[in-house]
K.L.:
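Following this message is one structure expressed as structure tokens.
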Amino acid sequence: MTTSTTEVLAPPTERYTVLGWLRRNLFGSIGDSILTIIAIWLTYAMLKPSLSWGFSVAKWTVIADNLKLFMVGRYPAEELWRVWVVLYLLAAVVGFTWGAWVKGKEKAGYVLLGIPVFLALLPFSPTIRMMILALDLFGFLGIILGRRDNPKFKNWSIISLLLYFPVGILLIGGLTGETGFLPTVKPDLWGGLMLTILLAVIGIIFSFPIGVALALGRQSKLPIISWFSVGVIELVRGVPLITILFMMDLMLPLFLPAEIRVEGVIRAFVAITLFSAAYMAENVRGGLQAIPRGQYEAAHALGLNGFTTMAFIILPQALKAVIPILVSQFIGLLKDTTLVMILSLFDVLGIGKSVLGNPEYVGTAKEVYVFVAALFWVLSYGLSYASQRLETSLGVGER
Amino acid sequence: MTDKPIYEEQDPIIVCRDVQKWYGDFHALKGINMEVRKGEVIVIFGPSGSGKSTFIRTINRLEEHQGGQIIVDGIELTHDVKNIESIRKETGMVFQQFNLFPHLTVMQNVTLAPLQVRKQDKEEAEKTAMELLERVGIPEQANKFPGQLSGGQQQRVAIARALAMKPKIMLFDEPTSALDPEMIKEVLDVMIELAKSGMTMLVVTHEMGFARSVADTLYFFDEGQIVEKGSPEDIYNNPQEDRTKLFLSQILQH
């Protein structure tokens, strides 16, 4: 320590102007300038055909005409309000959770608000654009509410997240049979982006407890449990998702009694959950192995038994350490769900293919696939960016 | 003898008879015999690899002994999980690397075991925890996380955490070895106060000043055996064995 009379100097700060940044990074020397100009020209030359195709040649009407199909498939139009309610609830719950947990660092959450803005750029009718942008309003209200100083909000946010999923499924699937306030909408009518997201979200949620159980089972000292867990994990991880989907499609009916007919969507849920659970188990195992032995020893020395040690000491730390991996697993799953096409389900890519089957839209394959790819990219990149920002501001993944 | 220490009138609380332990082919403990009486403060020292840490870790079954007998507070340590858990409830342990739970606050670290194992109610557990944190001198850190504390503070939290279970015995496994020199004293002060309050303590340490001022009995371990035992005066001033003399000369010369 220096003496207290020493002047405390502020650390040096560097200030950039746009021009200064350009000069420093792109035009530092004559060589740099030449390289910069060549690079700009190359980029332009490569992008020009794509851009001119996108803005003048491409017939985007195929997207505009079928937007409803792309978004929700054959979901009945008169029940669409239920999807909106589910979306608004999602925005509010996510915003609330974000506000409650990421105090003072909500900025990263605003990236997620970009997803509706992108969707609103699509050729929807003005009403629907407003309704999409209203998602941001709900999300923003959620953040504002969650930011309030209330120690109970963290618990509430977990409860609301847990409640959200069954409520959302019930809203979409219906509750009251053929008629009534919420008539049943059969899963086979679910489709489009909605189905893609539902498959991924339900897959990750159900696979989480199963994956944790398998990971713990794998470490178990009881041979039956550990063999069973290793068997399931290695069997599922050893085959591609598409084979599991095929198996669900072709072989599940052989195992079940003839009168039980499982709908395609449910089969896809089961297959995706199983697949995701095996990977989840391995990720969680990685987290468990990162916990030093001293933590177990300290817990045991205090008299905690195996269960309390796991529940209060080991799992909370292991799961915190694997959050970043879980996010990337979710993004992977989101893209893998396109394989449900082989169960003749119409996820967003399946809708694309069926739209192309319509003679009216012959020759628009590029437009459709570019659009589907852009949807996936916006969702995946938005999630990945938001989660990275969340991780750095929460210090997740560090110990 | 007029100033006969109180502990000598007490019954033994830990009895070890011919304790054996192997790691694979390596014979780590070669027949350890020890009796510890209530309120006795024992310091175990010896070169690294001599089995001293292994030995105190067998007392709460963090290491399993493969031969001989260990009886703690009237309960013999066997494979019976019930016995192991009831012994662990009565035995606090402090580790070289602190081993605090990094995801819990200091307060939660201290109250976790009383809440989950002793089933105390929260208010009572937090009151006890506050008293203990005051006793180890860091009540103001109660709501911080372990990562925000210095090593010495962390080790004092670890001591408070162990004491929160109201143990009859405290085991210290090189509690000051991982600390910066200026923090060793604050931890030793807490341990000295604890020893004077009549706690039964087994301490693996090379802090010979601590050993001299509070230990009742010193044990010198080498190669998995007890080479020599005695009062601090005997061991320091009049060691009988060559190995003890050599080791003491090595650690005391600077």
Side-chain angles (χ1 to χ4, degrees), chain A residues 1 101-103 105 149-152 154-155 158 212 219-223 225 284 286-324 326 390-399, chain B residues 53 56-64 81-104 108-119 143 145-148 154-155 157-167 169-173 178:
Chain A
M1 285 292 274
W101 285 85
V102 201
K103 287 256 164 21
K105 290 170 182 161
D149 252 343
N150 188 332
K152 285 188 180 144
K154 284 191 177 180
N155 288 338
I158 292 174
V212 171
Q219 295 202 324
S220 170
K221 282 180 191 143
L222 306 171
I225 295 180
V284 172
L288 288 173
Q289 283 173 342
I291 308 296
R293 240 173 72 110
Q295 294 288 306
Y296 291 90
E297 288 178 351
H300 289 154
L302 285 168
L304 270 67
N305 60 28
F307 174 77
T308 36
T309 303
M310 264 300 152
F312 293 99
I313 308 300
I314 307 302
L315 272 184
Q317 295 184 60
L319 296 183
K320 192 181 164 202
V322 298
I323 286 176
L326 296 191
L390 185 63
E391 283 153 24
T392 36
S393 59
L394 287 181
V396 168
E398 296 161 18
R399 275 182 43 84
Chain B
S53 285
I56 77 162
R57 288 156 60 88
T58 58
I59 291 171
N60 64 352
R61 196 69 167 193
L62 290 183
E63 302 286 352
E64 199 175 304
V81 179
K82 279 254 151 42
N83 281 357
I84 296 175
E85 279 177 9
S86 45
I87 286 175
R88 283 174 176 169
K89 272 189 213 171
E90 306 304 336
T91 321
M93 186 160 202
V94 176
F95 299 86
Q96 181 177 1
Q97 298 296 341
F98 327 138
N99 292 347
L100 294 178
F101 307 129
H103 62 301
L104 300 177
Q108 288 166 331
N109 264 282
V110 179
T111 55
L112 181 74
L115 292 174
Q116 297 302 327
V117 182
R118 292 248 190 253
K119 307 289 178 200
N143 293 316
F145 285 91
Q148 296 167 297
Q154 290 194 43
Q155 194 60 299
V157 173
I159 294 173
R161 177 176 73 175
L163 290 175
M165 286 293 283
K166 303 200 166 63
I169 303 158
M170 284 287 283
L171 309 173
F172 291 84
D173 186 2

K.L.:
Without swapping roles, check the side chain of A:Q295 against the backbone of B:L100 for a donor-acceptor pair under 3.5 Å.
P.N.:
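Side chain of A:Q295 to backbone of B:L100, a donor-acceptor pair under 3.5 Å: yes, one is there.
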K.L.:
Can you name the side-chain hydrogen bond (donor to acceptor under 3.5 Å, both in side chains) partners of A:N305, sequence neighbours left out?
P.N.:
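Result, side-chain hydrogen bond (donor to acceptor under 3.5 Å, both in side chains) vs A:N305: A:T308.
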K.L.:
How far apart are the C-alpha atoms of A:F312 and B:L115, what are their side-chain angles, what is the distance that settles it, and do they pass the side chain to side chain contact (heavy atoms under 4.5 Å, CB included) test?
P.N.:
CA-CA 12 Å; A:F312 293 99; B:L115 292 174; over 6 Å; no
K.L.:
Side chain, backbone, both or neither: which part of B:F95 has a non-hydrogen atom closer than 4.5 Å to chain A?
P.N.:
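Side chain only.
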K.L.:
Is there side-chain contact between B:N99 and A:Y296, with at least one heavy-atom pair below 4.5 Å?
P.N.:
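Answer no - side chains too far apart.
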K.L.:
Side chain, backbone, both or neither: which part of B:I87 has an atom under 4.5 Å from a heavy atom of chain A?
P.N.:
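Answer is neither: B:I87 stays 4.5 Å or more from chain A.
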K.L.:
Got a sec, which residues hit salt bridge (charged side-chain N to carboxylate O under 4.0 Å, His left out) with B:R57, two or more places apart in sequence or on another chain?
P.N.:
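With sequence neighbours excluded, B:R57 shows a salt bridge (charged side-chain N to carboxylate O under 4.0 Å, His left out) to A:E297, B:E63, given in chain and number order.
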K.L.:
Between B:H103 and A:I313, what is the shortest heavy-atom contact and its length?
P.N.:
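Result for this residue pair: CE1-O, 3.6 Å.
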K.L.:
How many angstroms lie between CZ in B:F101 and CD1 in A:I291, if you round to the nearest 0.5 Å?
P.N.:
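Interatomic distance, B:F101 CZ to A:I291 CD1, rounded to 0.5 Å: 11.5 Å.
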K.L.:
Measure distances from B:Q97 to the heavy atoms of chain A and classify the residue's part below 4.5 Å as side chain, backbone, both or neither.
P.N.:
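Looking at B:Q97, nothing touches chain A.
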K.L.:
Between A:G303 and B:R88, which heavy-atom pair has the shortest distance, and what is it?
P.N.:
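That closest heavy-atom pairing would be CA-CB, 3.9 Å.
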K.L.:
Heavy-atom distance under 4.5 Å between the side chains of A:L304 and B:V117, does that happen here?
P.N.:
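Yes, side chains in contact.
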